[in-house]
There are 2 protein chains.
Amino acid sequence: MDSRSSSLEHATEHPRWATIEDVSARRTPNPSSRRSGATLADVAQVVGVSARTVSRVVNGEGGCTPATRDRILAAIEEVGYRPNLMARGLIRRRSDTIGLIAAEMLDPFFPEFAEGVQRSADSLGRTMFLASSNTDRERQASALMSLRGHGVDGVIVFPAGDSADDLVAMAADGLPIVVVNTEIDAPGIAVVSADIVGGAELAVEHLISRGRRRIALLIDEHARTLQTPSRREIGYRSALAASGVAFDPLLVVETNNSLEGGRQGARKMLAASQPPDAVFAYNDVLALGAMQELLSSGVRVPDDIAIVGFDDILMCEAVTPRLSSVRIDRDLLGHGAVEQLQALIEHPEHRVEPRRFPVDLVVRDSS
Amino acid sequence: MDSRSSSLEHATEHPRWATIEDVSARRTPNPSSRRSGATLADVAQVVGVSARTVSRVVNGEGGCTPATRDRILAAIEEVGYRPNLMARGLIRRRSDTIGLIAAEMLDPFFPEFAEGVQRSADSLGRTMFLASSNTDRERQASALMSLRGHGVDGVIVFPAGDSADDLVAMAADGLPIVVVNTEIDAPGIAVVSADIVGGAELAVEHLISRGRRRIALLIDEHARTLQTPSRREIGYRSALAASGVAFDPLLVVETNNSLEGGRQGARKMLAASQPPDAVFAYNDVLALGAMQELLSSGVRVPDDIAIVGFDDILMCEAVTPRLSSVRIDRDLLGHGAVEQLQALIEHPEHRVEPRRFPVDLVVRDSS
DNA sequence: CTGAAAGCGCTTACAG
DNA sequence: CTGAAAGCGCTTACAG
């Protein structure tokens, strides 16, 4: 006689088959196992059918009397049965989940992208799990391992660091991967990106059309040390060249990627023998820092120096003067990433063509 | 003769036990199963030991000859074995993962909190998975179900909507839950929060000390319709009362929670017969919108109207004048949430006392 | 329409 | 130090 039977004695009104009380009793003796709720077998036992039949109802496979179906549904409700997705994933070899690895959650660019991914995943019946690498390659690797180990069907990643070796290895190992705003050509990896070069060109062309000729490039020093030249710098140079404006290395100002970095950059510009008449910034945070410093130094924006940022974060609208910026539709980019991933998951043998999204220039008061 | 044996024929140089080639060959025939990499059994077969022994090495349980250990480690490397965390979680009844459910990823408050949670989880050897409810109770419920179904050991959640019924139900069902900035008293639920009332008091006391008496409360209309009165309003009123300043309902301005809402609120204030001489805003986004509108209307900040926001987001530093704000240490709050959750996971039977973190007032140029 | 059997990849008691 | 057996909770072929 174990604790189950003693518990059964209280359930005298329930005659034939096992009851809710049994099921909870089964779990009561060991409080540490409280975590695992009712199982398929529990539901089956309550109703008096096989687990297979309950499984059919849970998965809406049909092939089942409405009567038993209703009883099973009622029992599921009663015992609070929820499928164990680990068990299901183990056997189905797919979990209907995808992973998203942020390089830097604090980047204002990121949350809106993540929202797009989530909404898009939702509409495909998938759950998105987000992890962050904090721009650390080791953490990226462990996030990747963890996500994969937990059975995600694929991963969207903002690559951390300079090398993509681990991503390539993971993809070769059978994990579908989509990289964002990064050029990688490897089997099992698809690419989605915004047309950053084109965006930079738009910004600089715009400044030139406003009569500016000494256009500074305020750039994240980190981005400039990467092996691949910054796409913003490529666009900056090509727009200058297209208009016959000479490239002046003295107008490239490197700084650290922060508000204060933007301020420092502005101070450097003002200290130069020939200050610029416009600034194209690597991103909006740098642009906002620079603008603040210029304003507090008595420089008029845009009259003396015009400014254009990159990303079009919410705060562009909040400052005075409002900041012009290159807008990336992050929501759309998120959707595109999910679509690429879905294609990769469904056809692992196909090559998925890179997808690039156009960007806009939003002209406001700062230029 | 199946495809395996034919593949084995090529591996003539490898005599005794199964080799890497076999393992990959086993998977090659069916491309769709590429996803599942090498298993414990594969490694065992390659080395010529039992799965149990490989398991011991993988988990560092010791009790194993250094020689076999090395051979197993080498084989793991060779075949690229990675543990299937779903299988492990199924049997261990814990996954060493926790879930975090955001109400709104786009809220500037959130990412920094999430970073704190992630770092803290990391240091405990846990992986954090983030999902979002988009302030939708149904999506919160499905995120909760999904996370739970995938075996997370507990969940930290920013509750969506007005009722906590589903959270209470989930907790009763055995899922440890920590709620953030919300008062819920139920078994299995722990609370972590910032002292929002105290923060509001600090802000209003500060404005009073600056000689302001007509202090507007610019508040998210949504927050005001919740059943529980906004803690910011409670603090606002108590600070007024403490200084003997009469509460004037006309100074409470409701608006939607956005930059534009902040601007609209400011317009309402200016249109009043007696405009305020200070604004205490529900959050920084509202404060920034209001400040922008006031400045563009020729109001001097802080001379004519002082402004204090709430949350201390990065952009408080980026605007001119810099915005004073109530600072919540989001990183610390994230750590606290993980600690509470850990306590709940380790002692499901204990009641975990609510934990409240103090907040600061950061006085800048706007007040 | 329903069920008995096998197994996903791993770990937990046990034995040797 | 090492292994054979059982089983976590589910689904996938099969039979009836």
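Source: prediction; values computed, not measured. Throughout, protein chains are lettered first and strands after them, A, B, ... in sequence-line order, and every chain is numbered starting at 1.
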B/Leu40 CG to C/dC10 P, in whole Å, measures 5 Å
How is B/Arg52 classified with respect to the nucleic acid when contacts are heavy atoms under 4.0 Å: base, sugar-phosphate, or nothing?
base
Do B/His150 and A/Phe129 make the cut of ring centroids closer than 6.0 angstrom?
yes
Rounded distance (Å) that lies between atom C1' of D/dT12 and atom CG of A/Leu90
13 Å
Think A/Thr68 has a side-chain N or O under 4.0 angstrom from the OP1 or OP2 of C/dT2?
yes
Among C/dC10, D/dT12, D/dG3, which is the nearest nucleotide to the side chain of A/Arg92?
D/dT12
Between A/Ala51 and B/Ala51, name the one whose nearest nucleotide on DNA chain D is closer to the 5' end.
B/Ala51
In whole angstrom, give the distance that lies between atom CZ of A/Arg69 and atom C1' of C/dT2.
16 Å
Under 3.5 Å, is there an N or O donor on one side and an acceptor on the other linking the side chain of A/Arg82 and the base of D/dG9?
no
Please give, in whole Å, the distance from C/dT11 C1' to B/Glu61 CD?
8 Å
Can you tell me the pairing partner of C/dA13 across any strand shown, Watson-Crick or G-U wobble, with both distances under 3.5 angstrom?
none
Any N/O donor-acceptor pair, B/Arg93 side-chain to D/dG9 base, under 3.5 Å:
no
Does A/Ser50 have a side-chain nitrogen or oxygen under 4.0 Å from the phosphate oxygens OP1 or OP2 of C/dA4?
no
Between B/Gln140 and B/Asn134, does any side-chain donor sit less than 3.5 Å from a side-chain acceptor?
no
Rounded to the nearest Å, what distance is computed from the CD1 atom of residue A/Ile91 to the C1' atom of nucleotide D/dG7?
14 Å
N/O (side chain, B/Thr65) to phosphate O (OP1/OP2, D/dC1) under 4.0 Å:
no
Establish, with yes or no, whether the OP1 or OP2 oxygen of C/dC10 is under 4.0 angstrom from a side-chain nitrogen or oxygen of B/Ser55.
no
Would you kindly give the CZ-to-C1' distance between A/Arg56 and D/dC10, to the nearest whole Å?
14 Å
Could you tell me the separation between the NE2 atom of B/His150 and the P atom of D/dG9, rounded to a whole number of Å?
17 Å
Rounded to whole Å, how long is the line connecting atom CZ of A/Arg71 with atom P of C/dC1?
15 Å
